[in-house]
There are 2 protein chains.
Amino acid sequence: MEKKDAIDALAALAQPTRLEAFRLLVKQEPDGLPAGEIARRLDVPHNTMSTHLAILTRAGLVSAQRHSRSMIYRAELGLVRQLVLFMLKDCCNGQPDLCAPLIEDIMTSCSPSRSCCG
Amino acid sequence: MEKKDAIDALAALAQPTRLEAFRLLVKQEPDGLPAGEIARRLDVPHNTMSTHLAILTRAGLVSAQRHSRSMIYRAELGLVRQLVLFMLKDCCNGQPDLCAPLIEDIMTSCSPSRSCCG
DNA sequence: ATAACGTGTCGATAATTCCCGACATATGGA
DNA sequence: TCCATATGTCGGGAATTATCGACACGTTAT
């Protein structure tokens with residue numbers, strides 16, 4: 001992932017409505033949600049939400065697919081993975097000992113046997 | 001981590017100079033760098049950099065400590081960990097099967113035996 | 001005390017982002 | 001065809017953010 005792509009993704013998530021929309025779509029994986037339903041659930045005008053969804057799409061964090069009249073949006077977890085790797089890149093390339101405990105902690109917190117991220 | 005804290009951290013990183021400064025500090029762990037040196041290396045006026053460092057500090061991504069005339073800035077990897085957990089929270093709480101491969105991939109990419117994040 | 005150095009703060013301008021009403025486009029049903 | 005539904009686009013005003021010169025503060029050396 002290039003620096004510019006990371007900036008785009010970070011900026012896309014650094015806005016309350018967009019962060020909420022993205023997290024909602026993560027919860028809905030792998031089914032996704034239509035644009036209007038997202039707007040309704042977050043209580044945001046449809047055109048405002050449309051703009052936000054376009055920004056998330058340009059950043060690669062979500063994708064859309066037509067389904068009859070609706071646009072079904074889905075979270076792109078692959079890009080989250082790339083973004084996380086980008087943020088960790090400098091310590092795990094240069095200083096694995098700094099990064100290892102961090103990774104281990106994340107893995108532990110997110111293992112299926114635990115409720116995580118408390 | 002609260003939503004507001006995540007937004008602050010994401011917004012802090014969603015700016016080229018600040019992202020570069022943060023990554024520079026990650027590379028310099030655990031020694032850190034004085035403010036002026038960061039400004040010099042990234043070729044940014046000292047007062048502009050001072051503002052950016054203040055934003056990173058408020059977001060908790062870096063910390064500063066006086067050392068004679070200099071302010072030594074250091075990356076706070078703990079907050080990166082929290083931010084990553086926050087972003088993964090919804091899939092690993094609700095759908096561990098979605099999150100597990102993602103985590104495994106990150107762990108593999110960042111293991112000491114590999115150069116990662118290609 | 002005076003000067004030099006390293007940083008931070010203030011203020012003003014420029015640039016960007018956010019929001020939403022109004023309008024446009026696309027699809028499906030009557 | 002005509003209408004309702006679902007979504008996207010445009011325009012412009014409000015709010016936020018970025019930048020940097022000028023100045024202030026604290027620290028060290030002479």
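Predicted, not measured: the structure shown is a model, and the values here were computed from it. We name chains A, B, ... by the order of the sequence lines, and we start the count at 1 in each one.
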task = Just call it for A/Ser50: base, sugar-phosphate, or nothing, with non-hydrogen atoms closer than 4.0 Å on any strand.
result = base
inquiry  = Can you tell me if B/Gln15 touches the phosphate of D/dT19, counting only side-chain N or O atoms and a distance under 4.0 Å to OP1 or OP2?
reply    = yes
message = Counting the atoms with a prime plus P, OP1 and OP2 as sugar-phosphate, which does A/Arg40 contact under 4.0 Å by heavy atoms, base, sugar-phosphate, or nothing?
response = nothing
task = Provide, to the nearest angstrom, the distance between the CG atom belonging to B/Asp8 and the P atom belonging to D/dT17.
result = 10 Å
ask   = Heavy atoms under 4.0 Å, any strand shown: does B/Ser68 hit a base, just sugar-phosphate, or nothing?
value = sugar-phosphate
note = Nearest heavy-atom approach of A/Ile72 to A/Asp31 is CG2-O, 3.7 Å
query = Taking for each residue the nucleotide of DNA chain C bearing the nearest heavy atom, is the 5' side occupied by A/Pro45 or by A/Arg66?
reply = A/Pro45
note = In whole angstroms, the gap separating C1' of C/dT16 from CZ of A/Arg58 amounts to 13 Å
inquiry  = From CE of A/Met71 over to C1' of D/dG8, roughly how many Å is that when rounded to an integer?
reply    = 9 Å
request  = Respond yes when some side-chain nitrogen or oxygen of A/Thr48 is under 4.0 Å from OP1 or OP2 of C/dC19, and no when none is.
outcome  = no
message = Grouping I, L, V, M, F, W and Y whenever their side-chain heavy atoms are under 4.5 Å apart, do B/Ile55 and B/Val26 come out in a common cluster?
response = no
query = To the nearest Å, how far apart are B/Leu53 CG and C/dT9 C1'?
reply = 14 Å
ask   = Does B/Ala21 offer a backbone N or O that forms a donor-acceptor pair with the side chain of B/Arg41 under 3.5 Å?
value = no
message = Tell me whether B/Arg66 contacts the main-chain N or O of B/Ser68 through its side chain, where contact means a donor paired with an acceptor under 3.5 Å.
response = yes
inquiry  = Counting only side-chain heavy atoms from C-beta out, which of D/dT19, C/dC18, D/dA18 sits nearest to B/Thr51?
reply    = D/dT19
remark   = From the candidates C/dT7, D/dA18, C/dT9, the one with an atom nearest any side-chain atom of B/Asn47 is C/dT9
request  = Locate the shortest heavy-atom distance separating A/Leu19 from B/Ala6; write the atom from each residue and the value.
outcome  = CD2-CB, 4.5 Å
request  = Counting heavy atoms from C-beta on, name the nucleotide in C/dG8, D/dA18, C/dC20 closest to the side chain of B/His46.
outcome  = C/dG8
message = Quick one: does any side-chain atom of A/Gln15 pair with a main-chain N or O of A/Arg18 as donor and acceptor, under 3.5 Å?
response = yes
query = Looking at the side chain of A/Ser70, which of D/dT7, D/dT19, C/dG28 is the nearest nucleotide?
reply = D/dT7
message = If I take atom CG in residue B/Leu42 and atom P in nucleotide D/dA18, what distance separates them, rounded to the nearest angstrom?
response = 16 Å
Spacing of B/Ile38 atom CD1 relative to C/dT7 atom P, expressed in whole Å = 8 Å
inquiry  = Check the phosphate of C/dG6 against B/Tyr73, side-chain N and O only, distance under 4.0 Å to OP1 or OP2. Yes or no?
reply    = no
message = What is the distance, to the nearest angstrom, from the NE2 atom on B/His52 to the P atom on D/dC20?
response = 8 Å
Proximal nucleotide (of D/dG26, D/dG8, C/dT27) relative to the B/Arg69 side chain = D/dG26
query = CD1 of A/Ile7 versus P of C/dT16: gap in Å, rounded?
reply = 14 Å
key: Toward the 5' end of DNA chain C, by each residue's nearest nucleotide, A/Ile55 or B/Ala35   = B/Ala35
